[in-house]
Structure formats: structure tokens, C-alpha cells
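Below is one structure, written out as C-alpha cells; comments come after it.
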Amino acid sequence: MKKAVCLMLVLTLLISLSGCHGTRGLKAFEIPEVFDTSRAYEITFWAKNDTNVVQADIYRQTIRDFQALYPNITVNMRLYTDYSRIYNDVITNIATNTTPNVCITYPDHIATYLTGVNTVVPLDQLLVDQSYGLGGREVRFESPTREEIVPQFLEECSFAGHYYALPFMRSTESCYINKTYVEKLGYEVPEVLTWDFVWEVSEAATAKNADGTFQVNGQKVMIPFIYKSTDNMMIQQLHQLGAGYSTGAGEVRLFNDTTKELLYTVAEHVKSGAFSTFKISSYPANFLNAGQCIFAVDSTAGATWMGSHAPLLDISKEQLVEFETAVRPVPQFDPANPSMISQGPSVCVFNKEDPQEVLASWLFTQYLLSNDVQIAYSCTEGYVPVTTKAQQDPAYQDYLSREGEDEEEHYSVKLQAVKLLLSHLDDTFVTPVFNGSASVRSASGQLIEETVKAVRRKQPVNEQSIQELYGKMRSLYRLDQVGGNLGEKAELGALPATSVVLLATLGLCWIGIGAYSATEWYKKKNGQDRK
Amino acid sequence: MKKILAFVLVLAMVLAFAGCSSSKAMSHADFVAAEMDSQVTVETYVQATQSWWDNKITVYAQSEDGAYFLYEMACPEADASKLVPGTKIRVTGTKGEWAGEVEIMDATFEILKGSFIAEPVDVTALLGTDELIAHQNEKVIFKGLTVSKVEYKNGEPGDDIYVSFTYGDGTYDFCVERYLTGPETEVYAAVGELQPGDVVDVEGFLYWYEGVNTHITAVTKA
């Protein structure tokens with residue numbers, strides 16, 4: 001009987017403990033004192049490019065150059081052209097601990113990766129490590145110091161009290177304008193666009209001839225205003241108006257009256273045919289270059305696709321229309337105080353069991369910020385290097401000074417887009433990062449997409465439909481469940497009944513073990529006493 | 001009185017059932033005639049699917065009278081494996097157009113009994129003509145095209161392959177769509193090995209992106 005009880009107790013204990021398996025995750029990363037170069041490391045790098053083969057080539061060259069400096073590190077790259085696919089694959093791989101070592105990503109996405117235990121390496125100590133940190137004495141290349149990273153770009157990678165990424169490239173959005181058509185309609189392109197101006201000109205451009213063609217271009221197709229990222233459209237409008245979006249603590253404030261008014265405006269201009277979106281109609285660049293769009297808002301990192309002489313094209317040359325392209329910041333509500341989003345890829349390091357492997361990953365990550373990589377990659381598109389070291393490099397300054405010299409590397413529209421961001425660095429902002437902030441971003445754009453669809457499908461857009469839309473978005477993106485500061489203890493409410501039962505069983509087991517041991521001890525002691 | 005009451009009840013029941021029944025499936029001709037952004041319902045047969053992702057699946061579907069591109073149709077992961085070639089489905093969604101491709105978007109589906117696999121139709125003679133678009137999304141074959149350029153989207157195998165062909169005076173850009181026929185497939189390898197000047201027969205779905213942009217499913221040297 002005793003044996004049976006004992007066995008049962010041990011078994012219960014084992015089962016109870018096995019329930020805890022998997023919750024511990026990886027051990028927190030600690031910087032090794034010395035990087036062991038006698039060993040070989042193979043690391044994976046998941047990168048993103050903008051369907052731009054030159055960017056892919058620069059990544060490959062970067063890897064070759066890095067491997068020449070560190071022959072014991074092999075970098076295997078996997079290329080993506082879509083951030084959301086990287087995000088999805090990382091999430092899938094966290095469960096099996098098969099994340100990449102280094103990954104191009106957005107801070108919003110990292111916030112979700114952090115739900116795994118010690119999944120992403122905090123970089124605070126690595127940034128300042130004297131041996132292997134930024135500008136460290138043991139680093140085999142000229143890396144920037146922490147002070148040489150543009151402060152606001154670095155701050156964008158700080159959340160939950162730690163730096164979880166390094167900025168890699170920065171961009172913003174700009175409005176690419178068919179200046180020729182704006183002037184044909186009797187307007188002048190102002191230095192800073194206002195929303196009122198863009199809507200007014202867009203409405204004017206919807207006028208048709210008797211044969212159904214549009215007066216401004218003589219074609220059957222004209223969508224005067226197309227926005228690529230409606231997430232950004234809503235976020236920037238709300239920011240410009242000082243309206244609610246979300247708080248740093250993860251409180252979702254997107255579903256407010258200002259948002260509703262903005263959606264009404266969108267609906268009004270969809271109805272007249274003045275506005276559409278990328279998801280509904282296709283790439284703004286294709287319409288702009290075919291003379292079928294007047295205001296195309298897209299990333300500065302998409303500048304090489306914009307304009308009659310764009311080096312990258314997705315339409316046939318026969319479809320191209322000759323026009324003058326103007327580049328301006330995104331439309332504003334208060335042109336005296338412009339504000340625009342800061343975006344662009346960041347890079348994070350995933351934790352692994354072997355700290356030496358993580359250190360190898362960190363060295364590669366740091367290499368991505370070296371001047372050669374920063375300047376080469378930023379010149380592929382309307383990106384800005386994230387270090388002052390690269391921005392002030394004579395080679396980069398020379399690049400900037402040669403705007404319009406050719407229609408490839410020095411393509412005028414691209415360089416105008418770069419200079420737009422450089423001259424508005426202090427006008428940029430980012431949205432708060434928390435677990436679920438990626439969902440709030442998606443919902444903000446989806447509000448516009450759903451409104452556009454509703455109008456096109458001849459459905460009403462009114463108080464009732466918008467309240468229903470708010471409910472649908474909350475449910476679809478589970479926005480009632482997001483929030484909470486990362487890394488801080490949250491109030492989780494009462495324990496579920498199953499947990500209570502499990503804990504009670506555990507307690508009973510320990511009481512049973514204790515009672516059994518005490519009884520045995522007592523019997524033994526009495527027996528000894530009787531001897 | 002009893003008879004009247006019974007009649008009224010039967011009538012109410014019939015009307016109720018009529019109200020419950022789902023909207024009638026339209027023919028392909030009705031679909032073509034339907035206004036853009038209007039709700040459409042079709043009964044059709046799966047010919048191929050792109051890889052399932054995020055509770056959505058993109059389907060190449062075809063019936064005896066025409067074909068459909070079902071873009072990101074709502075589909076739980078468990079149902080994705082049921083959409084094998086030949087499967088009959090009833091699809092309700094909205095007719096849309098994206099870069100010239102007419103599609104059904106925001107769609108839902110139910111599986112029905114029945115099976116049909118389309119044979120590729122030879123549309124070589126229609127290349128460069130306005131008649132080609134009438135076959136949009138169908139399983140087609142082009143015979144005797146000359147390869148002019150083969151490019152991997154990212155400069156190396158892994159993503160889409162862009163292939164340009166010449167036929168007569170025209171050049172046409174086709175694509176090996178990674179999510180339809182990925183790097184592990186025969187066609188991906190075969191297209192990767194094509195050289196400019198090769199003359200080939202190309203089979204695929206007549207997708208549209210700013211003009212004809214067939215998604216290649218098979219290629220054989222002529």
C-alpha cells in the first residue's frame with residue numbers, strides 16, 4: 001500500500017511538473033567575454049526588398065564582404081518582398097524555436113515576437129559593449145558609434161524599456177504629383193499640400209467629355225487621388241488633427257468621432273470617383289505613369305517607380321504619358337506644422353541557446369549599419385541612411401548633389417523624395433508600440449478600405465454603418481484583447497478553474513508527501529526508541 | 001376556416017423557404033455582364049489553388065462556360081486541402097478588377113457534389129488581339145513561343161520567375177507564380193533552365209496584370 005501511495009504521489013508530481021514544460025523558453029542572452037573564432041557559425045538572415053533586384057544584390061554583396069571579415073560565419077539569406085509574410089513566418093517559427101538569427105522587420109511586429117520568452121535579444125548591453133558593441137574595439141570593421149545613429153531613428157526601436165532592434169533604413173511617404181495636369185486644371189502646386197487642395201483638384205479632375213472620356217487626360221480612366229497605404233493615411237490624418245489612435249499603454253482610441261468624419265470624407269470622394277486605394281485599384285505608380293492619376297501617395301522608397309522617366313516600370317512604354325512630376329510631403333491639415341510618418345525597416349536579433357551564435361548574429365546586424373551598406377542600400381530607393389556617419393560621408397553627399405544627372409541612380413524624383421525626408425526629419429512621428437499595435441495599424445487602414453468598398457457597392461455609409469464597421473474591426477483584429485505594456489506585469493484577473501484545480505492538486509501532493517515523510521520519520525523514531 | 005388557416009400556413013412556409021434559399025448561381029455570361037462591385041454567385045470547379053495563408057486562399061476556377069479568379073477567398077486551413085482540382089464549389093463574393101484582372105473578391109464558398117477538370121484551350125492565334133481577354137483566367141496553351149528573357153524576381157531562385165516570350169511581332173510577359181508553382185515544382189525548375197531563343201509550348205492560367213500575364217503551369221520544348 002505504501003509503495004502504491006508513494007508511486008501515485010511521484011507520478012502526480014511528475015505530471016504536474018510536466019505541465020510547466022515549454023513555458024520557460026530560452027535562457028536570457030549574456031554577452032560572451034570573447035567571441036570564439038575557432039568555431040564555425042551558420043546564421044540565417046531574413047531580409048526584405050522592394051521587388052528591386054539591385055537591393056537583393058546589395059544584400060548578397062554585404063554578406064560576401066562580411067564573410068570575408070569573419071570567415072567563420074556563414075550567412076544564409078532568405079528574401080521576402082512583403083513584411084507581413086516575414087511576420088507570419090517568424091510567428092510560426094517561434095513555437096518551434098526555428099526563428100531566423102537576424103531579421104528585417106518593424107517594431108510593431110517585434111512587439112508581438114516578444115510574447116515568446118527571451119525570443120528577441122535586448123540590445124541595450126550590446127550597443128555599448130566595449131569589445132563587440134557599436135564601434136567596439138574587437139569589431140573588425142568600422143561600425144558607427146551609438147551616438148552616430150540618428151537619435152529619433154534609434155528611439156523608434158526602443159519599447160518596453162529596452163532597445164529590441166536597430167534601424168536599418170528610414171523613409172516616409174510622399175505625394176507624387178502630375179504637375180502638368182494640376183496646372184491644366186487651373187491650379188498651382190503649393191509647397192505644402194493641404195487635404196482641401198488635393199480633394200478640390202481631384203474633384204475637378206473627374207469632369208468628363210460628352211463621349212465619356214475625362215477632360216483632363218482624354219482617356220477613359222482617371223482616378224485623381226490614389227493612396228497606397230491606407231494604414232498610413234488614417235494614422236497621419238489622425239496625428240495631424242491631434243485625434244486619438246492608441247496610447248503607449250496599448251489603449252485603442254482609433255474608433256472615435258474624428259475617424260468617423262474622416263471616413264465620411266473618404267466616402268464622399270469615392271462616390272464622385274475622385275479617390276481610390278491600392279488594394280482596390282492597383283499600384284498608384286501605374287496609374288500616375290499612364291496619366292490616369294494626379295496625386296499618388298506612396299513611400300519615398302517607391303520613388304524609382306514614379307514619373308514618366310521612372311527607371312522601374314510596371315506598365316508598357318506605350319502606356320506612358322509625358323508629364324512633369326512634383327514631389328511633396330503627404331497632404332496636411334495644418335501646413336504650418338507638417339507631420340508625416342517615419343517608417344522603414346529595422347533589424348532585430350533572435351536569441352539562441354548558443355550565446356556565441358547570437359554574438360555572431362549581432363556582429364552581422366552591426367555590419368548592416370556600416371557606411372558601405374548604408375550608402376549602397378539607401379541609393380537604391382528614396383531611403384535615408386540611419387547614421388549621421390553615413391549621411392555625412394563625402395560619397396553620400398556627392399550622391400545627393402547629383403540630382404537629375406541621369407535617370408538611374410540619380411533619378412530626380414528619387415532624390416527629391418530623399419531630400420524631402422532629410423529636410424523634414426523633425427516633422428516625423430511614429431505610433432506607440434505594444435503587443436497588438438500591428439493589429440491597430442491594420443484596422444486603421446481597413447476602416448478606409450471597407451468604406452471605399454461600401455461606397456463602390458452602393459451600400460450606405462452613415463452613423464449606423466460606421467458603428468457596425470467599428471465593431472467588425474474590433475472583432476476581426478481582436479482589439480479588445482490587445483494592449484498592456486510589454487515587460488510589465490499586467491492584472492490578469494482570477495485564475496481559471498482548471499488552474500485552481502491543478503494548483504490545489506499540487507498543494508495536496510506536497511502535503512501528502514510531507515505527511516508521509518513525517519509519518520515515516522515518526523515510526524522510525526519510535527522504532528529506534530523501542531530498540 | 002381550417003382550410004384557410006392551413007393555406008395561409010403553407011404559403012407562409014413556402015415563402016419562408018424561398019427566403020432562406022441562397023441566391024441563384026449565375027452563368028459565366030451573366031458574370032461578365034454583371035456590374036463591377038456587384039455581388040455575384042457562381043458555381044464552378046477548382047482547377048488549382050495558390051498556397052493557403054492567413055485564412056485565405058486564391059483559386060483558379062473554371063466551368064464549362066468560362067473561368068474565374070477567386071482572390072483571397074475566405075477559407076479555414078482545414079478546408080484548404082478539400083479544394084483539390086475538379087472540386088465543385090458555390091462561390092459568393094463581389095466582382096472586382098485589379099490591374100486589368102477581373103476577379104471575385106471577399107468571397108465565401110461551399111463545396112458541392114460534382115467534378116470537372118478543364119482541358120487547356122489553344123489561344124496562340126489570339127495573342128496580340130482584343131479577343132484574348134474573352135478567355136481571361138481559363139486554362140490555356142500557347143504553342144511555339146520564343147523565349148526572350150528569364151528573370152528571377154529577386155535575382156535568384158526562390159520567388160516568382162518573370163519570363164518574356166515573343167510571338168509574331170509581339171512580346172508577352174508571363175510569370176511563374178511562386179504561390180501557385182513554387183521552387184519545388186517541375187515547372188519552376190523547367191522555366192529556370194530556359195534560355196533565350198528556346199521555342200516552347202506554354203500552358204497556364206490566363207491571368208492579367210496590366211495586360212496578359214499568364215501564370216505558367218507547364219512548359220515543354222516545341
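Order of the sequence lines sets the chain letters (A, B, ...), proteins ahead of strands, with each chain counted from 1.
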For [X], is it the side chain, the backbone, both or neither that has a heavy atom under 4.5 Å from a heavy atom of chain A?
| X | result |
| --- | --- |
| Asp54(B) | neither |
| Asp159(B) | side chain |
| Tyr71(B) | neither |

* Rounded to the nearest 0.5 Å, what separation is found between the CD atom of Glu210(B) and the CG atom of Leu313(A)? -> 11.0 Å
* Reported CZ-to-OG1 distance for the pair Arg456(A) and Thr94(B), which is rounded to 0.5 angstrom -> 10.5 Å
* Mind listing the closest non-hydrogen atom pair of Tyr209(B) and Asn286(A) along with its distance? => OH-ND2, 3.1 Å
* Heavy-atom closest pair, residues Ala56(A) and Asn154(B) -> CB-O, 3.4 Å
Chain B contact via [X] - which portion, at a heavy-atom distance below 4.5 Å:
| X | value |
| --- | --- |
| Phe278(A) | both |
| Ser84(A) | both |
| Asp57(A) | neither |
| Gln55(A) | neither |
| Arg85(A) | both |

* Contacts of residues 171-184 of chain B with chain A (heavy atom under 4.5 Å) -> Arg178(B), Tyr179(B)
Within the supplied structure, the quantity of interest is the number of heavy atoms (other residues, nucleotides, ligands) at a distance under 6.0 Å from [X] [atom1]; does it exceed 12?
| X | atom1 | value |
| --- | --- | --- |
| Arg78(A) | CZ | yes |
| Gln67(A) | CD | yes |
| Asp130(B) | CG | no |

* Does the pair Glu72(B)/Lys279(A) count as a salt bridge with the N-to-O cut at 4.0 Å? -> no
* Option that, when pairs with chain B are counted at under 4.5 Å, heavy atom only, ranks first among Asn52(A), Val54(A), Thr81(A) -> Thr81(A)
* Asked: Leu79(A) versus Glu156(B): any side-chain heavy-atom pair under 4.5 Å?
  -> yes
* Going by heavy atoms in the side chains, are Arg457(A) and Asp106(B) under 4.5 Å from each other? -> yes
